[in-house]
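Throughout, residue positions are numbered sequentially from 1 according to the sequence presented.
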Amino acid sequence: MKKIFKYILASFALMSITSCVNDLEVTPIDPNITFESQVFESEEGYYQVLGKIYAGYHVAGQKGNDNESDVSTIPDGGQSSYLRNYWNLQTLPTGEALNAWNDNGLVPLQNGAWSADNQYVAGMFYRLYYMIALTNEFLRQSSDSKLDERGQGGLKETLKQARAEARLVRAITYYHGIDLYGQMSVITEGSADQYPTAIKGKELFTWIINELNEIESLLPEAGQAEYGRMDKGTLWMVKAKMFLNARPFTGEDNPYDGVTSMNEVITLTEQLIAAYPLDSNLLDVFSVGNETATGIIHKVPLDPVRTQGFSATQYVISAGTSSTYNDWVGVAQNAAWGGNHATRSIYDKFTGRPSGDKRGATQSLGDVGGNANNLDFSTLLVINAGLEVDDPLNYTQGLNVFKFKNRKSDGSFPDIAEKYFVDTDWPLFRIADAYLMYAEAKLRGASNGTDAQALTYVNAVIARAYGNTSANITSADLNLDFLLEERGREFYWEGYRRQDLNRFNNSFTSPTYLWPWKGGVQGGRGLDSYRVIYPIPTQELAANPNAKQNTGY
C-alpha cells in the first residue's frame, strides 16, 4: 500500500533522545523499549526512525492518543501535536477562527492577549525543539562514523537522501521558528552546549538558507518523492517562503548576501509551477483521496487506521464540526467536537467579488430545514445562527467552516468503516501558493518575471475557483491589497493567515485593518506591535540562563 505508513507504525519503539534545550528528554513510553543496537541493526531501522520524524507533524506521541504525548507542556496529549499548535497560532488570532471551548490559553490566543505563560505558545515552542531533537538523533546515528562502527559502511550512499530529508524537516522547523518566535537556538547533531544561545534576524535567516542550499542536490526531483516524503519541490517552497518573508523575518529586504529576495521568489516559484499542475477540481485538494492531488507539494499523510492523531486535518475537521453536521462531513458523532467557528471576515471577502466562487460557497442551515444532510456537498461555509458573533464561545454564531471533509471529492464516502479518524491528508504546501507568491514578488519589485505572467498566474487560481474565466481580473486590479484578500479567499483555515497579515503592512497588529473580535473587541481593535511574534515561554527563561525574552513581553 503506502510504504511510508509502515515506517511510521514501526517506528514508535525508539531509543532515548536527549536535546540540548532545557534537558528535554524524548523518552519512549512503550515499555518494550528498543535500544540503539536493535533499532539500527538493519537498513529498515533507519527508515523507521525517519518515519517517526515525518509522523511528528501529526502524531503526538508513541501511540497517538491523549495520554502518551512526546511533549508534556500541554497536559492533554492530543492538544500537544505539532500541526495542531501551528494552526492555532497562525489562525485563531486572525478572525479566520474562534474557539468555543474556553480552554485554558485558547481565548487569549484569539483575543491577542497571550503571554509567556500561555500553554499553546509554549507547546509549539517545545514541539519545534522536539522535532529538532529527533532529526539530530537520526543524523548522529546515521553518520559515516556510526555506520562504520556498526560495520554498515555500505549504507553510506543509500542513506544520503534520508539524511537530507531529515535536514529538510529540521530546516522547516527553523522556518516555523523564525516566523513564530523571531529567534531560535541553532542546535545540530554536533551541538554540545547545555545552554544554547538563540540567534535571530539575518543570522538565523542565513543559517536556514545555507542549510537548504547544502541539501538540495541530495533530494529527489520535484514531485518524485515517495508518498509522504519530501523532495526538491518542498525545499523550493520553503526557500520561496523564506525570501518572500525576508523583511518581516529580519527587518531587511535582502538579508542573504548576494541575493535579491524577490527575484529569488520568482525563480523558485517558476520551478515549482513547472513541476506541479494546478488541480482543475478544487475539492480534490480538500477531500479523501487527495493523496493523488497534483497541486499539493507536500502532503502530511492521515490514515484512519495507520496514522491516528488529533492534529492536522483531523483537528480542523473535528474541531470545526458539531453533531449537527457530523453525518454530512463524514465523521462519527463523537468525532464532532463543536469547537472552531469563524467570524464573518471570511464570508465578507467573497461579497465584493462576482458570484460563483466555489471557495465561498455558502448556505444557511435554516434554508435546508435545519438538517445538515440537505446541504450541498460542495458547500464550504454554513451560516447557522447568523453571521454576527455576539458570543465567541457560541459555536453556532458566525460561520461554520467545512473546507475539509472526510468524504471523496464526488461526495461519496470512504470505503473504510472507521469514521472517527479521518482519511484526508493535510496539504502542508500547495502550488496555488506559488502562483500567488510569484505575483506578490513581482509587485514587490522583482526585476525578473513579467507583469503579464503575474496576472496570468493570479487568474489561473481565480478561474479554478469559478470553473471559468468570468471573474478574471485585469492588470489594473492586481495590487497588493487585492492579493492579501485573494490569499484570504484561497487559503482560509490552512494556517497561512497570521504570516500573510504580518507581511502586508503589519495588518496583523494594525488598528486600520480590522475584523470582528480582533483583539477581543467585537468591533475589532489594533494589537500592540510587538505581538507580530510570540514570546519565549516562561519555563524556557527559567531553565536556560542564555535565553532572552522578545521585546514587549
Chemist: Do the side chains of Glu490 and Arg430 get close enough for a salt bridge, i.e. N-O under 4.0 angstrom?
Modeler: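 The answer is yes: the pair qualifies as a salt bridge.
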Chemist: Rounded to the nearest 0.5 Å, how far apart are CG of Leu527 and CG of Asn506?
Modeler: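 One finds 11.0 Å between CG of Leu527 and CG of Asn506.
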Chemist: Is the shortest side-chain N to carboxylate O distance from Glu540 to Lys548 below 4.0 Å?
Modeler: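 Answer for the salt bridge query: no.
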Chemist: Would you say the ring centroid of Tyr82 lies under 6.0 angstrom from that of His58?
Modeler: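 No, too far apart.
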Chemist: Under 4.0 Å between a side-chain nitrogen and a carboxylate oxygen: does that hold for Arg407 and Asp327?
Modeler: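 Salt bridge between Arg407 and Asp327, a charged N being under 4.0 Å from a carboxylate O: no.
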Chemist: For the atom pair OG1 (Thr343) and CH2 (Trp517), what is the distance rounded to the nearest 0.5 Å?
Modeler: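 Going from the OG1 atom of Thr343 to the CH2 atom of Trp517 covers 11.0 Å.
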Chemist: Do Gln110 side-chain atoms and Leu92 backbone N/O form a donor-acceptor pair below 3.5 Å?
Modeler: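 No, Gln110 side chain to Leu92 backbone: no donor-acceptor pair under 3.5 Å.
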Chemist: State the CZ-CG distance between Arg487 and Leu436, to the nearest 0.5 angstrom.
Modeler: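 It is 6.0 Å, given to the nearest 0.5 Å.
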Chemist: For the aromatic rings, using the six-membered ring if either is Trp, is the centroid distance between Trp114 and Tyr534 under 6.0 Å?
Modeler: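 Distance test on ring centres: under 6.0 Å, yes.
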Chemist: Are Tyr130 and Tyr126, when compared by the centres of their aromatic rings, separated by less than 6.0 Å?
Modeler: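 When the ring centroids of Tyr130 and Tyr126 are compared, they turn out to be at least 6.0 Å apart.
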Chemist: Search all heavy atoms of Val401 against all heavy atoms of Tyr492 and return the closest pair with its distance.
Modeler: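 Taking Val401 first and Tyr492 second, the nearest heavy atoms are CG1-CE1, 3.7 Å.
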Chemist: So for atom NZ, which belongs to Lys299, do other residues, nucleotides or ligands contribute more than 12 heavy atoms lying within a distance under 6.0 Å?
Modeler: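 Atom NZ in Lys299 is crowded, with more than 12 foreign heavy atoms closer than 6.0 Å.
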Chemist: Taking 4.0 angstrom as the limit, do Asp415 and Lys408 come out as a salt bridge?
Modeler: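 Yes, Asp415 and Lys408 are salt-bridged.
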Chemist: Could you walk me through whether Leu109 and Val121 satisfy the side chain to side chain contact (heavy atoms under 4.5 Å, CB included) test, starting with their C-alpha distance in whole Å, then the side-chain angles of each, then the deciding distance to 0.1 Å, before giving a yes or no?
Modeler: CA-CA 9 Å; Leu109 273 185; Val121 170; 4.3 Å; yes
Chemist: Can you check whether Trp426 and Tyr57 have ring centres sitting under 6.0 Å from each other?
Modeler: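 Trp426 vs Tyr57: aromatic centres not under 6.0 Å.
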Chemist: Flag the pair Phe243 / Phe205 as yes when their ring centroid distance falls below 6.0 Å, and as no otherwise.
Modeler: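 Yes, the ring centres sit under 6.0 Å apart.
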Chemist: Answer yes or no: is there a donor N or O on one side and an acceptor on the other, between the side chain of Thr379 and the main chain of Leu381, under 3.5 Å?
Modeler: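 Judged by distance alone, no pair lies under 3.5 Å.
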Chemist: Between atom CG of Asn290 and atom CG of Asp425, what is the distance when rounded to the nearest 0.5 Å?
Modeler: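 So the gap between those two atoms works out to 5.0 Å.
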Chemist: With a 3.5 Å distance limit and no angle check, can you tell me whether Asn479 reaches the backbone of Phe482 through a side-chain donor-acceptor pair?
Modeler: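 At least one qualifying donor-acceptor pair exists.
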Chemist: Under the side chain to side chain contact (heavy atoms under 4.5 Å, CB included) criterion, do His176 and Leu128 qualify, and how do the steps go?
Modeler: CA-CA 8 Å; His176 288 158; Leu128 295 177; 4.0 Å; yes
Chemist: Check whether Phe377 forms a cation-pi arrangement with Lys405 (NZ or CZ under 6.0 Å from the six-membered ring centre, at most 45° off the ring normal).
Modeler: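 Judged by the rule, Lys405 and Phe377 form a cation-pi pair.
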Chemist: Is there side-chain contact between Val107 and Asn99, with heavy atoms separated by less than 4.5 Å?
Modeler: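 With C-beta onward as the side chain, the pair stays apart.
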Chemist: Can Arg497 be said to sit on top of Phe504's aromatic six-ring, NZ or CZ under 6.0 Å from centre and within 45° of the ring axis?
Modeler: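 No, Arg497 does not lie over the aromatic ring of Phe504.
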Chemist: Nearest 0.5 Å please: distance from the CE atom of Met124 over to the CG atom of Asn118.
Modeler: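 One finds 13.0 Å between CE of Met124 and CG of Asn118.
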Chemist: Atom CH2 in Trp328, atom CG in Asn406: separation rounded to 0.5 Å?
Modeler: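 It comes to 13.0 Å.
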Chemist: Once salt bridge (charged side-chain N to carboxylate O under 4.0 Å, His left out) is applied, do any residues pair with Asp348, and if so which ones, sequence neighbours excluded?
Modeler: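 For Asp348 the salt bridge (charged side-chain N to carboxylate O under 4.0 Å, His left out) partners, ignoring immediate neighbours, are Arg344.
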Chemist: Below 4.0 angstrom, N of the basic side chain to O of the carboxylate: do Asp179 and Lys241 qualify?
Modeler: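 No, Asp179 and Lys241 are not salt-bridged.
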Chemist: Does Lys349 form a salt bridge (charged side-chain N to carboxylate O under 4.0 Å, His left out) with Glu96? I'd like the steps, not just the answer.
Modeler: CA-CA 11 Å; Lys349 286 177 174 52; Glu96 279 195 351; over 6 Å; no
Chemist: Side chains of Tyr181 and Ile533: closer than 4.5 Å at any heavy-atom pair?
Modeler: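 Not in contact.
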Chemist: Is it the case that atom OH in Tyr347 sees more than 12 heavy atoms from other parts of the structure closer than 6.0 Å?
Modeler: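 Count not over threshold, so no.
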Chemist: Kindly check if the number of other-residue, nucleotide or ligand heavy atoms within 6.0 Å of CG (Asn505) is above 12?
Modeler: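 It does not: Asn505 CG has 12 such atoms or fewer within range.
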